[in-house]
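This report concerns only the one structure given below.
Small disclaimer: the values here were computed from a predicted structure and weren't measured. In listed order, ligands and their atoms are each counted from 1.
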Amino acid sequence: MAKDSFTVGLGNNDSLTRKLAEEDYVKFWEKEAEKLQWSEKWSKSLEWDPPFARWFVGGRINACYNALDVTVRKNGKKPAILWEGENGTSRTLTYRDLLDYVCRAANTLKSLGVRKGDRVTIYLPMVPELMVSLLACARIGAVHTVIFSGFSSQSIRDRVSDSKSKVIITADGGFRRGEIIKLKRIVDEAISDLDFVESVLVLEHAKIPVEMGRRDKRWADLVNAASNICEPEEVESTHPLYILYTSGTTGKPKGVLHGTGGYLVHVNSTFKWLFDVKDSDIYFCTADIGWVTGHSYVVYGPLMHGATQVMYEGALVYPTPSRIWEMVERYKITVLYTTPTALRMLMKYGDTLSDSKDLSSLRLLGSVGEPINPEVWLWYFRVIGKERCPIVDTWWQTETGGTMISALPGLETAPMKPGSASRQVPGINVGVVDENGKDLPPGKKGYLVIKAPWPGMLLSLWGDDEKYKTVYWSKYPKMYYPGDFAIRDEDGYIWMLGRADDVLKVAGHRLGTAEIESGFVSHGAVAEAAVCGIPHEVKGESVISFLVLKEGAAWDIRLRDELVQHIRKTVGPIAVPDQFYVVSKLPKTRSGKIMRRLLKAVAKNEKIGDVSTLEDEAAVEEIRSAFKELEREIEGSKLR
Ligand code: PRX
């Protein structure tokens, strides 16, 4: 029998922090804000004009200064990045190196006409220059908008068109599982007719030939020649630091807009409470900077604490599945922060793989991005952490900026329950409510909500305040709605139960069903499409698609392969469904909504009885007949 709780701490026992936070969360965050370097102190800690929050109003700050100069003044020789490429190449950059490099890149951006408030799109692999590019934008008050280098040209096109970036930073190519992804070529395809893009700065990383057009400039030519002195631009606390696009329930991805002061405060404090990183630590977060975890806990969090971290370009299981454990041994990594998908994949290879490496340096383990199954949690705890290391299962979102629910060993020693994300972070007010927004008693499943503003909270959606209001603040007018199901137990521990909306989490990546569906219908052979997610042993969820073909289109392997390529191109490789079902019509409610739960049931081979209880009475009959019809139709339509 599995024990239901474990207590392993770092010996920290600070009961005051939670008490202060409960007494007055605004004052509490004000105290936390004092831990950063401000060039001008704020006049008002919080301006709350629901649903818009402005933190530390009147304050002036620079994100890059807090991330780099603060440590350089103390000890510039401290290694900031221990970078490793997939093929084994390595580079070390100290805080001083990083600051010089960032200043040169910042001056380059200036020379390309980038000014405070301008957007810069960054599409780079996990190389130090990716971190340098973000910080260079922050240094001059430009707004970075990073696109994960696994995204397709169509995704880049949508995001660049929305953010109207003047400059794009990319590389000739990046490495993944022994292959070179031709990034520059993908950018060329994406922006060929986007005239507002003035320059494309190209890093030579993979050393492959690229075509250089009139807007293209080589990174080395400009950055190496630029001055390494660049004064940080002191921006208002509420000045946008970045836009990061993420998937939602409708249409195209939305640009989550984060400010500077509040965001940095949230990330700075949570990084400390989660990991308590000291000078002697070697920290490794496996997230790509293309996702919010990378923004908060690879770039800003660790750097503001002067941490030394490992940065890796490539797949964790390449060239062999023991790659990650070899890295733990080689760098003597002390804090490891990764995803349940990576852990499930590694767990499948068995314990001998990790047992054959020296993992004794590890002292703390983290998980992020999706619910972690209790058995995976226990494996992480026992096999990887040898029951010595606390585990932080951190719940948060692109929109929240930083962690909202987690165990906090940097603050307190509290029991950990495998599968629960633990309690709310101090200063965060989390609730579990019913459909009407009423608090639910312990043990009852409901919707997670955040009841008060927090410093890392998004400012809005880029260029779309109305959508911001509708998406997050219309279900419950005075509470932020993240879109997750949860249960709170008697001890106040939160158990996350997955998404309550049409957002999928595939291998930790957030995908909107609508996004994939419009990808399908943009192909000439598809009339209608519906996708849903079903549980997957490793990826957490996998995508299943139901397609109605246009007159004259025939379903065969060729068309299937063509559609796979089409989805890779229009949405991205992670969105490619694992299964395709071709049907003559999609089951819909009278109001025309696709019955996704029915589709899910079909894909999971569930019985109709299981579904009928979930739908409202009137729809049951309709579902029953649609289900039968579907079952008949999908026979023979599956081409996996
Ligand atoms: O459903 C929750 C899930 O990931 C969503 C947010 O996704 P994204 O914006 O991509 O950010 C991921 C990295 C912070 C949430 O709404 N999620 C994230 N962390 C957890 C989680 N679900 C369960 N447990 C977690 N620890």
Side-chain angles (χ1 to χ4, degrees), residues 146-148 150-151 242-249 253-258 263 266-267 270-271 274 285-298 300-301 337-344 365-374 376-377 380 391-408 416-425 430 432 447-450 456-458 461 471-472 475 480-487 493-512 515 533 535 539-541 572 574-575:
V146 182
I147 303 177
F148 171 58
F151 275 126
Y242 66 84
I243 303 169
L244 188 54
Y245 287 87
T246 190
S247 300
T249 50
K254 29 193 209 299
V256 170
L257 181 67
H258 278 290
Y263 170 79
H266 190 150
V267 170
T270 49
F271 185 77
L274 288 168
C285 169
T286 66
D288 193 289
I289 292 175
W291 307 108
V292 75
T293 308
H295 280 59
S296 300
Y297 299 113
V298 174
Y300 294 108
Y337 189 28
T338 190
T339 63
T341 290
L343 295 170
R344 286 189 291 259
L365 304 170
S367 170
V368 61
E370 24 164 352
I372 178 165
N373 339 37
V376 179
W377 193 102
Y380 202 22
I391 293 186
V392 294
D393 170 9
T394 62
W395 180 89
W396 56 296
Q397 304 182 298
T398 306
E399 292 86 343
T400 69
T403 300
M404 306 291 275
I405 304 170
S406 178
L408 299 170
M416 300 172 293
K417 304 187 188 188
S420 161
S422 288
R423 291 175 295 162
Q424 64 195 22
V425 162
V430 162
V432 177
Y447 300 99
L448 188 80
V449 290
I450 321 287
M457 182 173 138
L458 70 166
L461 291 176
V471 174
Y472 308 105
K475 187 168 173 74
Y480 171 85
Y481 173 64
D484 280 46
F485 282 127
I487 289 181
Y493 279 54
I494 312 272
W495 299 75
M496 299 307 308
L497 303 174
R499 297 290 307 190
D501 54 13
D502 292 334
V503 168
L504 310 179
K505 270 279 165 160
V506 179
H509 302 310
R510 186 163 153 182
L511 291 167
E515 219 178 315
K539 294 189 282 188
E541 260 189 314
I574 23 176

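Nearest residue to atom 10 (O) of ligand 1 from Met404, Gln397, Glu370, Lys505 is Lys505 (criterion: closest heavy atom). When the options Met496, Glu399, Arg499, His509 are ranked by their closest heavy atom to atom 16 (O) of ligand 1, first place goes to Arg499. Comparing Gly483, Pro371, Ser296 by heavy-atom distance to atom 22 (N) of ligand 1, the nearest is Pro371.
Two residues are said to be in side-chain contact when any heavy atoms from C-beta on lie closer than 4.5 Å; Val432 and Ile487 fail this criterion. The shortest distance between side-chain heavy atoms of Thr293 and Val298 does not fall below 4.5 Å.
Legend: residues meeting ring-ring contact (aromatic ring centres under 6.0 Å, His included) with Tyr493, ordered by chain and number and at least two apart, are absent. Applying the side-chain hydrogen bond (donor to acceptor under 3.5 Å, both in side chains) test to Thr341 and every residue at least two apart in sequence or in another chain returns Arg344, Glu370.
Every N/O-N/O distance between Ser367 and ligand 1 stays at or above 3.5 Å. Residue Arg510 places at least one N or O, backbone or side chain, under 3.5 Å from an N or O of ligand 1. The shortest N or O to N or O distance between Gly369 and ligand 1 is under 3.5 Å.
In this structure, the protein non-hydrogen atom closest to atom 13 (C) of ligand 1 is Thr293 OG1, 3.4 Å.
Proximity of Asp484 to ligand 1, defined as any heavy-atom pair under 4.0 Å, is confined to the side chain (atoms from C-beta onward). At a heavy-atom distance under 4.0 Å, no atom of Val503 approaches ligand 1.
Between Ala421 and ligand 1 there is no heavy-atom distance shorter than 4.0 Å.
Ligand-side atoms of ligand 1 in range of Trp396: 6 (C), 14 (C), 15 (C), 18 (C), 19 (N), range being under 4.0 angstrom from any heavy atom. Residue Val368 has at least one heavy-atom neighbour below 4.0 Å for each of these atoms of ligand 1: 13 (C), 14 (C).
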Problem set entry | Check against ring-ring contact (aromatic ring centres under 6.0 Å, His included), Phe151 and Trp291 | CA-CA 12 Å; Phe151 275 126; Trp291 307 108; 5.7 Å; yes
Take Tyr297 and Val368, measure what side chain to side chain contact (heavy atoms under 4.5 Å, CB included) needs, and give me the verdict at the end.
CA-CA 11 Å; Tyr297 299 113; Val368 61; over 6 Å; no
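Between the side chains of Thr394 and Tyr337, at least one donor N or O lies within less than 3.5 Å of an accepting N or O. Remark: the Ser296 side chain and the Tyr263 side chain contain an N/O donor-acceptor pair separated by less than 3.5 Å.
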